Amino acid sequence: MRLLHIADLHAGKTLGRVSRNPDLHHALEQVISLCRESGVDLLLIAGDVFDKANPDNESKELIFEFFLKLRELKTEVVVVAGNHDSYDFMKSIRGLTELANVHIYDRPSRERCLYVSGDLRIACLPYPSERVLTAVGEDSRLRYADLVEKFLSYLAEKASEGRRRVLLTHLFIAGARYTNTEREASLTQHYAVLPASLPDTFDYIALGHVHRNQRIEGASVCAWYSGTLYQLDFSEAGEDKFVNLVLLEDGPPRVEPVRLDLRNPLHVFELTQGEAVRRIGEMKGVSGYIKIVLRVEEKGSLPLVVEKIREELGEKILRIEQVSESGRSESWDVPRGLDPLQLYREYHRISYGGSLPRNIEKVFLELLSRAEEGV
Ligand SMILES: [Mn+2]
(Lines give C-alpha, C1' and ligand atoms only; values in the text may rest on other atoms or scores of the structure.)
Protein backbone atom coordinates (compact mmCIF):
# COMPACT_ATOMS: atom_id res chain seq x y z
CA MET A 1 0.00 0.00 0.00
CA ARG A 2 1.27 3.42 -0.94
CA LEU A 3 0.68 6.43 1.29
CA LEU A 4 1.57 10.06 0.84
CA HIS A 5 2.13 12.14 3.98
CA ILE A 6 1.83 15.93 3.82
CA ALA A 7 1.30 18.56 6.54
CA ASP A 8 1.10 22.25 7.41
CA LEU A 9 -0.54 23.63 4.25
CA HIS A 10 -1.43 26.91 5.98
CA ALA A 11 -3.90 28.01 3.28
CA GLY A 12 -4.47 31.76 3.64
CA LYS A 13 -0.96 32.50 4.90
CA THR A 14 0.25 36.00 4.05
CA LEU A 15 3.74 37.43 4.24
CA GLY A 16 3.57 41.18 4.56
CA ARG A 17 1.12 42.22 1.84
CA VAL A 18 1.62 39.08 -0.23
CA SER A 19 -0.69 36.03 -0.24
CA ARG A 20 1.13 32.70 -0.25
CA ASN A 21 -1.82 30.85 -1.78
CA PRO A 22 -0.12 30.76 -5.21
CA ASP A 23 2.82 28.99 -3.51
CA LEU A 24 0.46 26.51 -1.87
CA HIS A 25 -1.39 25.95 -5.14
CA HIS A 26 1.90 25.21 -6.91
CA ALA A 27 2.77 22.65 -4.20
CA LEU A 28 -0.67 21.00 -4.27
CA GLU A 29 -0.46 20.57 -8.05
CA GLN A 30 2.72 18.56 -7.44
CA VAL A 31 0.95 16.53 -4.77
CA ILE A 32 -1.82 15.73 -7.29
CA SER A 33 0.75 14.67 -9.91
CA LEU A 34 2.52 12.47 -7.37
CA CYS A 35 -0.75 10.82 -6.38
CA ARG A 36 -1.50 10.13 -10.04
CA GLU A 37 1.95 9.00 -11.13
CA SER A 38 3.02 7.05 -8.06
CA GLY A 39 -0.33 5.33 -7.60
CA VAL A 40 -0.91 6.71 -4.12
CA ASP A 41 -3.79 4.89 -2.39
CA LEU A 42 -4.18 7.17 0.57
CA LEU A 43 -3.18 10.74 1.39
CA LEU A 44 -2.50 11.69 5.02
CA ILE A 45 -2.79 15.38 5.97
CA ALA A 46 -1.25 15.99 9.39
CA GLY A 47 -2.91 19.28 10.35
CA ASP A 48 -2.77 23.03 9.81
CA VAL A 49 -4.77 22.85 6.59
CA PHE A 50 -5.73 26.50 7.09
CA ASP A 51 -3.60 29.26 8.53
CA LYS A 52 -6.45 30.92 10.39
CA ALA A 53 -9.43 29.74 12.43
CA ASN A 54 -11.79 31.61 10.05
CA PRO A 55 -10.36 30.94 6.60
CA ASP A 56 -11.09 33.43 3.81
CA ASN A 57 -13.11 32.27 0.82
CA GLU A 58 -10.18 32.09 -1.58
CA SER A 59 -8.35 29.71 0.75
CA LYS A 60 -11.43 27.52 1.18
CA GLU A 61 -11.88 27.33 -2.58
CA LEU A 62 -8.22 26.35 -3.01
CA ILE A 63 -8.52 23.50 -0.50
CA PHE A 64 -11.91 22.27 -1.72
CA GLU A 65 -10.69 22.23 -5.35
CA PHE A 66 -7.72 20.17 -4.16
CA PHE A 67 -10.07 17.69 -2.46
CA LEU A 68 -12.18 17.44 -5.62
CA LYS A 69 -9.14 16.66 -7.78
CA LEU A 70 -8.16 13.90 -5.34
CA ARG A 71 -11.67 12.51 -5.60
CA GLU A 72 -11.30 12.27 -9.38
CA LEU A 73 -8.15 10.22 -8.78
CA LYS A 74 -10.06 8.08 -6.27
CA THR A 75 -7.41 8.82 -3.63
CA GLU A 76 -8.71 8.38 -0.10
CA VAL A 77 -7.81 11.27 2.19
CA VAL A 78 -7.55 11.38 6.00
CA VAL A 79 -7.10 14.76 7.71
CA VAL A 80 -6.49 15.77 11.33
CA ALA A 81 -6.92 19.35 12.52
CA GLY A 82 -3.81 21.27 13.59
CA ASN A 83 -3.47 24.07 16.12
CA HIS A 84 -4.12 26.68 13.41
CA ASP A 85 -7.35 24.97 12.34
CA SER A 86 -10.55 25.69 14.20
CA TYR A 87 -12.04 22.47 15.62
CA ASP A 88 -15.53 23.79 14.94
CA PHE A 89 -14.82 24.93 11.40
CA MET A 90 -13.30 21.55 10.54
CA LYS A 91 -16.33 19.86 12.07
CA SER A 92 -18.68 22.05 10.02
CA ILE A 93 -17.25 20.85 6.68
CA ARG A 94 -16.69 17.23 7.67
CA GLY A 95 -20.06 15.93 6.44
CA LEU A 96 -19.63 17.43 2.99
CA THR A 97 -16.01 16.42 2.53
CA GLU A 98 -17.00 12.79 3.29
CA LEU A 99 -18.72 12.89 -0.10
CA ALA A 100 -15.32 13.50 -1.70
CA ASN A 101 -13.82 10.62 0.30
CA VAL A 102 -12.02 13.11 2.55
CA HIS A 103 -12.28 12.05 6.20
CA ILE A 104 -11.71 14.83 8.70
CA TYR A 105 -10.91 14.27 12.38
CA ASP A 106 -11.65 17.65 13.90
CA ARG A 107 -10.77 17.22 17.59
CA PRO A 108 -9.36 14.61 19.97
CA SER A 109 -12.07 12.08 20.68
CA ARG A 110 -12.04 8.60 22.15
CA GLU A 111 -15.14 7.62 20.18
CA ARG A 112 -14.15 8.96 16.79
CA CYS A 113 -10.44 8.33 16.35
CA LEU A 114 -10.01 5.41 13.98
CA TYR A 115 -10.13 5.27 10.19
CA VAL A 116 -10.22 1.82 8.63
CA SER A 117 -9.16 1.14 5.06
CA GLY A 118 -8.89 -2.57 4.22
CA ASP A 119 -6.39 -4.09 6.63
CA LEU A 120 -4.95 -0.65 7.46
CA ARG A 121 -5.96 1.13 10.70
CA ILE A 122 -5.22 4.84 10.96
CA ALA A 123 -5.38 6.23 14.51
CA CYS A 124 -6.10 9.96 14.43
CA LEU A 125 -5.11 12.50 17.04
CA PRO A 126 -5.89 16.09 16.01
CA TYR A 127 -3.86 18.75 17.83
CA PRO A 128 -4.54 17.98 21.50
CA SER A 129 -5.00 21.35 23.18
CA GLU A 130 -4.74 21.08 26.94
CA ARG A 131 -8.32 22.24 27.42
CA VAL A 132 -9.83 19.72 25.02
CA LEU A 133 -7.67 16.91 26.32
CA THR A 134 -8.91 17.37 29.87
CA ALA A 135 -12.47 17.70 28.54
CA VAL A 136 -12.38 14.24 26.94
CA GLY A 137 -12.19 12.76 30.41
CA GLU A 138 -8.48 12.70 30.94
CA ASP A 139 -7.14 13.39 34.44
CA SER A 140 -6.47 17.13 34.70
CA ARG A 141 -3.89 16.63 37.47
CA LEU A 142 -1.52 14.96 35.03
CA ARG A 143 1.12 16.92 33.13
CA TYR A 144 0.21 17.73 29.53
CA ALA A 145 2.83 15.39 28.08
CA ASP A 146 1.56 12.56 30.32
CA LEU A 147 -2.02 13.17 29.18
CA VAL A 148 -0.95 12.92 25.56
CA GLU A 149 1.06 9.80 26.30
CA LYS A 150 -2.00 8.15 27.85
CA PHE A 151 -4.09 9.07 24.81
CA LEU A 152 -1.43 7.65 22.49
CA SER A 153 -1.49 4.31 24.34
CA TYR A 154 -5.27 4.27 23.98
CA LEU A 155 -4.91 4.87 20.22
CA ALA A 156 -2.27 2.16 19.91
CA GLU A 157 -4.70 -0.26 21.53
CA LYS A 158 -7.56 0.84 19.24
CA ALA A 159 -5.45 0.30 16.12
CA SER A 160 -3.98 -3.01 17.25
CA GLU A 161 -6.39 -5.16 15.24
CA GLY A 162 -5.14 -3.88 11.89
CA ARG A 163 -2.46 -5.78 9.99
CA ARG A 164 -0.98 -2.33 9.22
CA ARG A 165 -1.15 0.55 11.69
CA VAL A 166 -0.50 4.25 11.18
CA LEU A 167 -0.76 7.16 13.61
CA LEU A 168 -1.71 10.54 12.15
CA THR A 169 -1.26 13.51 14.49
CA HIS A 170 -0.30 17.16 14.99
CA LEU A 171 2.11 17.31 17.94
CA PHE A 172 5.42 18.71 19.10
CA ILE A 173 7.94 15.97 19.80
CA ALA A 174 10.83 17.03 22.07
CA GLY A 175 14.12 17.41 20.29
CA ALA A 176 12.64 18.12 16.84
CA ARG A 177 14.49 20.83 14.95
CA TYR A 178 12.07 23.64 14.25
CA THR A 179 11.92 26.96 12.42
CA ASN A 180 10.29 30.13 13.75
CA THR A 181 6.86 29.79 12.24
CA GLU A 182 5.18 27.11 14.32
CA ARG A 183 3.74 29.50 16.92
CA GLU A 184 6.19 29.52 19.76
CA ALA A 185 3.54 29.02 22.41
CA SER A 186 2.80 25.48 21.35
CA LEU A 187 6.48 24.57 21.18
CA THR A 188 7.40 25.15 24.80
CA GLN A 189 8.83 22.21 26.68
CA HIS A 190 5.57 22.15 28.65
CA TYR A 191 3.92 20.84 25.48
CA ALA A 192 6.69 18.56 24.31
CA VAL A 193 6.07 14.84 24.05
CA LEU A 194 9.11 12.61 24.41
CA PRO A 195 10.14 10.49 21.38
CA ALA A 196 10.35 7.44 23.62
CA SER A 197 6.65 7.76 24.47
CA LEU A 198 5.57 7.23 20.84
CA PRO A 199 4.01 3.73 20.77
CA ASP A 200 6.15 1.31 18.75
CA THR A 201 3.17 -0.74 17.63
CA PHE A 202 2.63 1.64 14.69
CA ASP A 203 4.31 0.95 11.36
CA TYR A 204 4.50 4.66 10.61
CA ILE A 205 3.74 7.89 12.48
CA ALA A 206 2.77 10.84 10.27
CA LEU A 207 3.42 14.08 12.15
CA GLY A 208 2.52 17.69 11.55
CA HIS A 209 3.35 20.88 13.49
CA VAL A 210 7.12 21.24 13.05
CA HIS A 211 7.87 22.79 9.69
CA ARG A 212 11.11 21.03 8.78
CA ASN A 213 11.13 17.59 7.13
CA GLN A 214 12.82 15.15 9.51
CA ARG A 215 12.72 11.71 11.03
CA ILE A 216 12.32 11.69 14.81
CA GLU A 217 15.52 10.50 16.39
CA GLY A 218 15.32 8.59 19.62
CA ALA A 219 11.99 6.94 18.78
CA SER A 220 11.90 3.19 18.29
CA VAL A 221 9.12 3.66 15.74
CA CYS A 222 9.39 5.16 12.24
CA ALA A 223 8.05 8.70 12.89
CA TRP A 224 8.41 11.66 10.54
CA TYR A 225 7.52 15.31 10.19
CA SER A 226 6.92 15.96 6.48
CA GLY A 227 7.22 19.74 7.02
CA THR A 228 5.63 22.67 5.21
CA LEU A 229 5.02 22.54 1.45
CA TYR A 230 6.66 25.90 0.77
CA GLN A 231 8.87 28.27 2.79
CA LEU A 232 6.31 29.87 5.05
CA ASP A 233 8.34 32.87 6.12
CA PHE A 234 11.90 34.17 6.10
CA SER A 235 12.96 31.92 8.96
CA GLU A 236 12.52 29.05 6.47
CA ALA A 237 14.53 30.79 3.71
CA GLY A 238 16.91 28.47 1.91
CA GLU A 239 15.21 25.27 3.15
CA ASP A 240 14.14 22.52 0.80
CA LYS A 241 10.54 21.34 1.18
CA PHE A 242 9.21 17.80 0.95
CA VAL A 243 6.31 15.39 1.08
CA ASN A 244 6.84 11.79 2.24
CA LEU A 245 6.00 8.79 0.08
CA VAL A 246 5.50 5.81 2.37
CA LEU A 247 5.46 2.26 1.08
CA LEU A 248 3.79 -0.17 3.48
CA GLU A 249 4.48 -3.78 2.62
CA ASP A 250 5.74 -6.67 4.67
CA GLY A 251 8.70 -5.64 6.77
CA PRO A 252 9.65 -2.11 7.79
CA PRO A 253 8.05 0.78 5.83
CA ARG A 254 10.03 2.47 3.06
CA VAL A 255 9.95 6.27 3.40
CA GLU A 256 11.00 8.47 0.53
CA PRO A 257 10.94 12.26 1.02
CA VAL A 258 10.13 13.83 -2.36
CA ARG A 259 11.46 17.35 -2.82
CA LEU A 260 8.99 19.96 -4.06
CA ASP A 261 9.61 22.72 -6.54
CA LEU A 262 9.06 26.15 -4.97
CA ARG A 263 7.12 28.83 -6.75
CA ASN A 264 8.56 31.75 -4.75
CA PRO A 265 11.66 30.78 -2.79
CA LEU A 266 12.56 33.19 0.03
CA HIS A 267 15.95 34.85 0.34
CA VAL A 268 17.61 36.85 3.09
CA PHE A 269 20.49 39.19 2.23
CA GLU A 270 22.47 40.74 5.05
CA LEU A 271 24.35 43.70 3.59
CA THR A 272 25.95 47.05 4.27
CA GLN A 273 24.55 50.01 2.32
CA GLY A 274 27.45 49.90 -0.11
CA GLU A 275 26.99 46.18 -0.75
CA ALA A 276 23.24 46.70 -1.19
CA VAL A 277 23.87 49.14 -4.03
CA ARG A 278 26.46 46.90 -5.67
CA ARG A 279 24.28 43.79 -5.50
CA ILE A 280 20.99 45.23 -6.73
CA GLY A 281 21.52 43.61 -10.14
CA GLU A 282 22.09 40.21 -8.55
CA MET A 283 18.99 40.57 -6.36
CA LYS A 284 16.91 41.57 -9.39
CA GLY A 285 17.87 38.27 -11.01
CA VAL A 286 16.75 36.14 -8.07
CA SER A 287 13.36 34.45 -8.31
CA GLY A 288 10.97 34.69 -5.35
CA TYR A 289 10.86 37.15 -2.47
CA ILE A 290 13.66 38.97 -0.70
CA LYS A 291 14.28 40.32 2.77
CA ILE A 292 17.23 42.62 3.28
CA VAL A 293 18.89 43.08 6.62
CA LEU A 294 20.74 46.34 6.23
CA ARG A 295 23.79 46.86 8.45
CA VAL A 296 24.03 50.54 9.35
CA GLU A 297 26.32 52.53 11.65
CA GLU A 298 23.41 53.76 13.67
CA LYS A 299 19.67 53.15 13.38
CA GLY A 300 17.71 56.17 12.35
CA SER A 301 15.71 57.46 9.45
CA LEU A 302 15.68 55.12 6.46
CA PRO A 303 18.85 55.54 4.43
CA LEU A 304 18.54 56.74 0.83
CA VAL A 305 19.59 53.33 -0.40
CA VAL A 306 16.24 51.92 0.77
CA GLU A 307 14.40 54.14 -1.72
CA LYS A 308 16.65 52.91 -4.49
CA ILE A 309 16.20 49.26 -3.51
CA ARG A 310 12.41 49.61 -3.45
CA GLU A 311 12.44 51.33 -6.81
CA GLU A 312 14.64 48.70 -8.46
CA LEU A 313 13.27 45.54 -6.86
CA GLY A 314 9.59 46.50 -6.65
CA GLU A 315 7.22 43.70 -5.53
CA LYS A 316 10.08 41.30 -5.02
CA ILE A 317 11.26 43.03 -1.88
CA LEU A 318 9.02 42.18 1.06
CA ARG A 319 10.95 43.49 4.02
CA ILE A 320 13.90 45.70 4.85
CA GLU A 321 15.24 45.68 8.38
CA GLN A 322 18.04 47.76 9.81
CA VAL A 323 20.54 46.50 12.30
CA SER A 324 23.21 48.72 13.75
CA GLU A 325 26.43 47.58 15.33
CA SER A 326 25.60 49.61 18.45
CA GLY A 327 22.04 48.25 18.47
CA ARG A 328 23.41 44.75 18.45
CA SER A 329 25.60 45.27 21.45
CA GLU A 330 22.68 46.89 23.28
CA SER A 331 20.52 43.88 22.65
CA TRP A 332 22.81 41.53 24.57
CA ASP A 333 20.94 41.96 27.82
CA VAL A 334 17.61 41.04 26.23
CA PRO A 335 17.18 37.35 27.05
CA ARG A 336 17.19 35.22 23.93
CA GLY A 337 15.98 31.75 23.15
CA LEU A 338 13.52 31.65 26.06
CA ASP A 339 10.06 30.18 25.73
CA PRO A 340 7.08 32.33 26.78
CA LEU A 341 6.91 30.90 30.29
CA GLN A 342 10.62 31.47 30.88
CA LEU A 343 10.26 35.00 29.53
CA TYR A 344 7.35 35.66 31.86
CA ARG A 345 9.32 34.31 34.83
CA GLU A 346 12.16 36.66 33.83
CA TYR A 347 9.71 39.57 33.56
CA HIS A 348 8.30 38.75 36.99
CA ARG A 349 11.77 38.52 38.52
CA ILE A 350 12.80 41.91 37.12
CA SER A 351 9.49 43.65 37.93
CA TYR A 352 8.61 42.19 41.31
CA GLY A 353 11.70 40.28 42.40
CA GLY A 354 11.62 36.63 43.46
CA SER A 355 10.24 33.64 41.62
CA LEU A 356 6.84 33.32 39.97
CA PRO A 357 4.15 31.90 42.33
CA ARG A 358 2.68 28.55 41.23
CA ASN A 359 -0.90 29.83 40.96
CA ILE A 360 0.13 32.68 38.64
CA GLU A 361 2.17 30.26 36.54
CA LYS A 362 -0.90 28.04 36.18
CA VAL A 363 -3.09 30.95 35.05
CA PHE A 364 -0.37 32.08 32.64
CA LEU A 365 -0.20 28.63 31.00
CA GLU A 366 -3.98 28.46 30.72
CA LEU A 367 -4.10 31.85 29.02
CA LEU A 368 -1.27 30.79 26.75
CA SER A 369 -3.10 27.71 25.54
CA ARG A 370 -6.31 29.70 25.04
CA ALA A 371 -4.51 32.43 23.12
CA GLU A 372 -3.00 29.75 20.95
CA GLU A 373 -6.40 28.45 19.99
CA GLY A 374 -7.50 31.98 19.17
CA VAL A 375 -10.22 31.91 21.84
MN1 LIG B 1 1.94 24.59 11.22
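Remember, it's 1-based here, ligands and their atoms both numbered in the order they're listed. Bear in mind the structure is a predicted one, so any value in this text is a computation, not a measurement. Residue numbers start at 1 and run along the sequence shown.
The atom of His211 nearest to the Mn ion (ligand 1) is NE2, with the search restricted to N, O or S atoms.
Within the coordination shell of the Mn ion (ligand 1), defined by N, O or S atoms under 2.8 Å, His209 is absent.
Summarising the local packing, CD of Glu312 is surrounded by more than 12 heavy atoms from other residues, nucleotides or ligands at distances under 6.0 Å.
Rounding to the nearest 0.5 angstrom, the gap separating the CZ atom in Arg358 from the CD atom in Glu361 is 5.0 Å. Here Ser38 contributes atom OG and Leu245 contributes atom CG; the two are 5.0 Å apart, rounded to the nearest 0.5 Å.
For the residue pair Asn54 / Ser86, no side-chain donor-acceptor distance below 3.5 Å is found, with atom types taken as modelled.
Rounding to 10°, one obtains 100° for the angle at the Mn ion (ligand 1) between OD2 (Asp48) and OD1 (Asp8).
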